[in-house]
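What follows is one structure encoded as structure tokens, with my remarks underneath.
For reference, positions follow the sequence shown, starting with 1. On a predicted model such as this, the values are computed, not experimentally measured, just so you know.
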Amino acid sequence: MLRSLKLSQIRFVPCLAPPQTSGNRWLATEDRIRKTGGGSTNTGRIPFLVVGVGAASGLAYYLWREGWPNETRSGTIDSDGLHLKSAQVLFRHGARTPIRPWITHYGEKTESQQLQHEEKDVISWSKFVPEKEDNSTRVPVTLYRENGDKIGPLRWGKDTWFTARFDANHPSAELTELGYEQAVELGRRMRDRYIIGFKLIPDVYSSKAVYCRSTGFNRTKQTAQGVLTGLFGAHSPPEDVIVYTEPWKEEVMVANTRICPLYRHLYSHAFTSRKGASTAEARRLVIDKLKIPEEMVHFVFLRDVIIARKVHGLPDPKGITPELWEAIDDAAPKAFTEPFRHANRVPALKVGCGVMLHKLLGNFKSADKPDMHKLYLYSAHDSLICPMLEALGAYDDLWPPFASDITFELWENEEKEKFVKVSYNEKAIVVDGCDAVNCPLDQFVESMQRYALDKSEYRSLCTDEHYLNSLTTESQKSVPYL
């Protein structure tokens with residue numbers, strides 16, 4: 001089916017992709033925005049077409065497989081003679097509305113300052129957010145707790161965790177139609193690989209084969225539903241399609257400053273500090289171009305407003321030039337990942353992704369048990385993706401696009417030796433501490449164990465007086481869940 005897209009959302013490829021994959025044109029969109037500044041003011045619309053013949057088609061197929069070199073599919077066996085045992089996919093939610101609708105909605109400000117800059121620059125985001133139930137195009141999902149307690153069916157438009165709404169036109173941080181489509185496309189890519197390609201799981205949903213966990217926000221639960229729809233279609237299976245969520249006081253898959261004071265100390269400066277040398281030039285540029293006070297320059301929030309507009313083909317906020325966008329896009333990840341770079345690197349990564357790593361390692365070490373799942377899905381946030389990439393030695397200093405994924409696969413040879421393969425947005429990673437893409441499981445565990453911790457260890461570290469007393473920050477404000 002042809003889909004109408006804005007020019008700014010298209011990367012033309014002079015070739016034909018293989019029939020069993022859709023690629024990820026949405027990630028390509030954000031990559032193009034990052035490199036060119038977007039072209040977001042173009043309102044023309046043309047059909048999305050990727051065509052090609054002959055040698056170009058062969059080139060496209062090679063590029064499609066580039067992230068997994070020397071691999072061909074034959075049942076569950078790759079060209080190295082390895083058998084796929086299980087896979088775990090950690091992904092960011094799809095595109096959403098901004099946390100705040102205006103670029104000056106952060107820091108101390110006066111009403112006159114906000115009106116001066118943005119009185120005529122307001123986007124009505126409500127039209128981008130699907131509010132009604134649509135079970136004809138979404139697989140029905142039932143929410144459960146990890147202890148087995150049933151919560152009930154997933155309902156759209158009822159977020160009990162994050163209910164900020166500035167008015168009827170500005171739903172805050174809600175998944176959009178585009179974001180849901182990104183999730184479905186990610187699920188289809190998984191279907192190509194794990195159902196059609198390597199036959200890891202059956203083509204009908206089974207709770208024994210597939211485990212899905214999400215944070216409690218609307219956007220992550222709905223993204224999980226989109227991924228499951230892409231995997232299995234929108235029809236109702238013979239059993240509940242389960243997505244597990246935990247109550248806020250137990251949630252460790254998000255930057256939960258309410259239960260982890262150390263996280264708040266380590267990361268709060270990314271949203272409040274104005275002294276970072278790595279972002280000083282960008283800060284001066286923002287102050288000069290936007291004519292706003294220094295206390296209102298928070299790169300993570302500025303980027304959040306701008307990228308939400310860009311990926312939806314909307315015009316940039318008033319005063320945002322290509323030069324300014326490039327500076328903000330470069331400064332935001334530097335600010336957020338500053339704790340990774342200094343003496344507090346290990347505790348920062350432990351509270352950032354340690355519990356998730358513990359779970360990933362545990363699933364792989366127990367993969368031979370008959371009751372283990374084959375595919376694990378984790379719907380989360382960039383505040384988990386960033387530290388995870390840093391722990392893997394693969395962070396590229398770029399903000400993870402919407403619907404980004406880190407995929408961990410466990411393979412086994414005829415001698416029962418196990419190997420881990422990791423990819424980020426379909427590009428293979430040589431994990432820090434490993435010698436090659438095919439990393440022996442023991443070597444992978446040894447490398448990642450330095451950051452992994454269980455929930456009990458996590459809570460102890462979060463309240464460790466040694467670290468808390470040694471840290472100073474400008475603010476104790478909470479970190480948003482991006």
When you measure from the side chain of [X] to the backbone N and O of [Y], does any donor-acceptor pair fall under 3.5 Å?
X	Y	result
Asn256	Trp248	yes
Glu177	Val129	no
Arg283	Glu294	no
Asn413	Glu417	yes
Thr97	Glu174	yes
His373	Ser207	yes
His358	Gly354	no
Asn425	Ile406	no
Thr279	Ala282	no
Arg138	Gly226	no

Look up atom [atom1] in [X] and atom [atom2] in [Y], then write down how far apart they are to the nearest 0.5 Å.
X	Y	atom1	atom2	value
Leu175	Asn218	CG	CG	8.5 Å
Arg189	Arg191	CZ	CZ	15.5 Å
Cys212	Ile242	SG	CD1	10.0 Å
Lys416	Glu412	NZ	CD	4.5 Å
Leu90	Arg213	CG	CZ	11.5 Å
Ile306	Ile320	CD1	CD1	4.0 Å

Note, [X] side chain near [Y] side chain (heavy atom, < 4.5 Å):
X	Y	result
Leu453	Leu357	no
Leu392	Met448	yes
Pro153	Pro140	no
Pro333	Asp397	no
Arg450	Val346	no
Glu390	Arg345	yes
Val420	Phe364	yes
Tyr451	Met388	no

Hey, are [X] and [Y] close enough for a salt bridge, meaning a charged N less than 4.0 Å from a carboxylate O?
X	Y	value
Glu409	Lys85	no
Glu457	Lys350	no
Asp192	Arg188	no
Asp329	Arg303	yes
Asp464	Arg459	no

Less than 3.5 Å apart, any donor N or O on the side chain of [X] or [Y] sitting next to an acceptor on the other?
X	Y	result
Tyr180	Glu185	no
Asp454	Ser456	no
Tyr378	Ser214	no
Asn363	Tyr211	no

For a quick test of your reading: what N or O donor-acceptor pairs under 3.5 Å do the side chains of residues 431-446 make, sequence neighbours left out?
from: Asp435; atom 1: OD2; to: Gln443; atom 2: NE2; distance (Å): 3.4
from: Gln443; atom 1: NE2; to: Gly433; atom 2: O; distance (Å): 3.0

Would you call the rings of Trp125 and Phe128 parallel, tilted or perpendicular if under 30° counts as parallel and over 60° as perpendicular? tilted

Mind checking whether Tyr205 and Phe232 have parallel, tilted or perpendicular rings, split at 30° and 60°?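 Tyr205 and Phe232: perpendicular rings.
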
On a heavy-atom basis, which atom in [X] and which in [Y] lie closest, and how many Å separate them?
X	Y	value
Arg96	Ala173	CD-CA, 3.8 Å
Ser379	Thr223	OG-CB, 3.8 Å
Ala403	Leu186	O-CD2, 4.1 Å
Asp382	Pro387	O-CD, 4.2 Å
Leu410	Leu84	O-CD1, 3.6 Å
Thr463	Pro261	CG2-CD, 4.2 Å

Side chain to side chain contact (heavy atoms under 4.5 Å, CB included) assessment of Tyr424 paired with Ser404: CA-CA 8 Å; Tyr424 173 52; Ser404 289; 3.8 Å; yes

Test side-chain hydrogen bond (donor to acceptor under 3.5 Å, both in side chains) applied to Thr215 and Glu246, Glu251, His381, the passing residue: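 Single pass found, and it is His381.
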
Does Lys221 form a side chain to side chain contact (heavy atoms under 4.5 Å, CB included) with Val141? I'd like the steps, not just the answer. CA-CA 9 Å; Lys221 291 182 292 187; Val141 163; over 6 Å; no

Aromatic ring proximity, centroids under 6.0 angstrom, Phe336 and Phe299: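 For Phe299 and Phe336, the ring centres are not under 6.0 Å apart.
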
Is the distance between the ring centroids of Phe198 and Trp411 under 6.0 Å? yes

Could you walk me through whether Thr176 and His312 pass the side-chain hydrogen bond (donor to acceptor under 3.5 Å, both in side chains) check? CA-CA 9 Å; Thr176 61; His312 292 91; 2.8 Å; yes

Let's go through Val243 and Val241 carefully: what are the C-alpha distance in whole Å and the side-chain angles of both, what is the deciding distance for side chain to side chain contact (heavy atoms under 4.5 Å, CB included) to 0.1 Å, and is it a yes or a no? CA-CA 7 Å; Val243 172; Val241 177; 5.5 Å; no

Please walk me through it: do Ile292 and Val297 pass side chain to side chain contact (heavy atoms under 4.5 Å, CB included)? CA-CA 8 Å; Ile292 58 178; Val297 180; 4.3 Å; yes

Identify whether NZ of Lys or CZ of Arg in Lys310 sits under 6.0 Å from the centre of the six-membered ring of Trp325 and within 45° of that ring's axis.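 Pair Lys310/Trp325 counts as cation-pi.
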
